[in-house]
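The structure under discussion appears below in the form of structure tokens.
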Amino acid sequence: MQIATWNVNSLRVRLPQLLDWLGANQPDIVALQETKLPDAAFPAAEIGAAGYHVVFNGQKTYNGVAILARTPLSGAVIEIPSFDDDQRRVLAASCAGVRVVNLYVPNGQAPGSDKYEYKLRWLKALRVWLRAELAQYPRLLVLGDFNIAPDDRDVHDPEAWVGSVHVSEPEREALGELLQIGFLDVFRQFDQPPQAFSWWDYRAGAFRRNHGLRIDLILASRVLAPRCTGCRIDRLARSAERASDHAPVIASFDI
DNA sequence: ATGGTGGGCAGCCCA
């Protein structure tokens with residue numbers, strides 16, 4: 001089974017690329033972030049015609065998440081319980097015997113900003129929720145745009161980025177505390193090329209120069225992680241004309 | 001080089 005995560009940065013713009021990509025890669029489950037569409041405008045018919053079931057949690061202009069799957073999805077949850085938030089960043093569903101939690105973690109803007117404090121509060125509430133989810137669903141996958149580069153291998157120029165949003169210690173600690181409750185970053189279970197990133201700024205030729213960060217992650221519970229047989233980043237999708245600023249990340253599982 | 005580019009919605013916000 002192949003499961004993927006992709007921040008599409010507007011599903012309206014990226015739908016043709018997504019449909020091409022689904023045809024070429026045939027993933028079983030796909031978590032999308034930054035769909036930027038209200039639910040009434042979600043292209044469910046086009047995605048259905050491509051052979052995928054879909055659940056979505058969107059809003060106008062900002063945020064928005066969706067899960068696509070070849071087999072039916074059930075038990076959708078659209079927010080972190082007991083965390084009051086009007087930003088649509090969370091979608092969990094069950095599929096093919098696995099529980100999937102799709103996340104668009106807040107960007108955080110810059111340490112010290114209101115958005116940064118919101119990011120840390122959000123991550124704290126997420127951890128409380130995921131601990132309970134893990135107890136209920138041992139076969140749990142948590143994937144999406146985490147907006148945190150786990151360590152310096154995931155940063156093109158760690159010295160230039162010291163203390164910046166996406167790499168700051170409080171953010172990395174929050175991610176570490178999440179992993180501690182029982183998840184593994186499956187990308188690092190395998191040999192990977194150096195300088196492997198999943199996001200590159202649109203500006204300053206960052207993709208051409210491979211000035212990126214690895215902030216799109218697939219976390220597997222301790223039960224599922226040993227079933228993972230590979231994980232890769234699809235840079236080809238990022239090189240397309242009018243591409244998203246994120247590349248898809250794909251993991252294979254022997255399930 | 002404190003800019004640069006892209007998406008969304010209508011002169012900025014957000015990434």
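Chain letters run A, B, ... following the sequence lines, proteins first, then strands; residues in each count from 1.
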Keeping to residues at least two apart or across chains, list the salt bridge (charged side-chain N to carboxylate O under 4.0 Å, His left out) pairs with something in residues 116-128 of chain A.
A:K119-A:E171, A:R127-A:E177

Between atom CG in A:N7 and atom C1' in B:dG8, what is the gap in whole Å?
15 Å

Mind calculating the distance between CZ (A:R12) and P (B:dG8) to the nearest angstrom?
7 Å

My understanding is that only residues two or more places apart in sequence, or in another chain, count here; which of them pass side-chain hydrogen bond (donor to acceptor under 3.5 Å, both in side chains) with A:T5?
A:Q33

Mind checking the P distance from B:dC9 to B:dT5? Whole angstroms is fine.
22 Å

Take A:P106 and A:K60, find for each the nucleotide of DNA chain B with the closest heavy atom, and name the residue whose nucleotide sits nearer the 5' end.
A:K60

With ring pair (Phe, Tyr, Trp, His ring centres under 6.0 Å) as the rule and sequence neighbours excluded, what pairs involving residues 34-80 of chain A come up?
A:F42-A:F56

If we take the C1' atom in both B:dG4 and B:dC14, what is their distance in whole Å?
16 Å

State which residues pass ring-ring contact (aromatic ring centres under 6.0 Å, His included) with A:W21; sequence neighbours excluded, sorted by chain then number.
A:W6

Give, for atom CH2 of A:W199 and atom CG of A:D145, the distance between the pair rounded to the nearest 0.5 Å.
10.0 Å

Got a sec? Which of residues 202-216 of chain A come in under 4.0 Å of DNA chain B, heavy atoms?
A:Y202, A:R203

Applying salt bridge (charged side-chain N to carboxylate O under 4.0 Å, His left out), which residue pairs with at least one partner in residues 84-100 of chain A are found, sequence neighbours left out?
A:E79-A:R88, A:R99-A:E133

Write down the distance between NE2 (A:H246) and P (B:dA15), rounded to a whole number of angstrom.
11 Å

Most 5' of A:D201 and A:L11 on DNA chain B, judged by nearest nucleotide
A:D201

Pull out every protein N or O sitting under 3.5 Å from an N or O of nucleotides 12-14 of chain B, one pair per line with the distance.
unit_1	atom_1	unit_2	atom_2	d
B:dC14	OP2	A:K115	NZ	3.3

If I take atom CZ in residue A:F146 and atom C1' in nucleotide B:dA15, what distance separates them, rounded to the nearest angstrom?
18 Å

Calculate the interatomic distance between A:L15 atom CG and B:dG7 atom C1'; express it in whole Å.
16 Å

Mind checking what makes ring-ring contact (aromatic ring centres under 6.0 Å, His included) contact with A:H166, not counting sequence neighbours?
none

Taking salt bridge (charged side-chain N to carboxylate O under 4.0 Å, His left out) as the definition, give me every residue that meets it alongside A:D39, ordered by chain and number, with sequence neighbours left out.
none

Round to a whole Å and report the spacing from CD of A:Q87 to C1' of B:dA15.
13 Å

Strictly below 4.0 Å, N to O, side chains only: are A:R203 and A:D245 in salt-bridge contact?
no

How long is the line joining CD of A:Q59 and P of B:dG8, in whole Å?
14 Å

Separation of B:dA15 C1' from A:W200 CH2 (nearest whole Å):
16 Å

Using the C1' atom on both, measure B:dA1 against B:dG7 and round to a whole Å.
26 Å

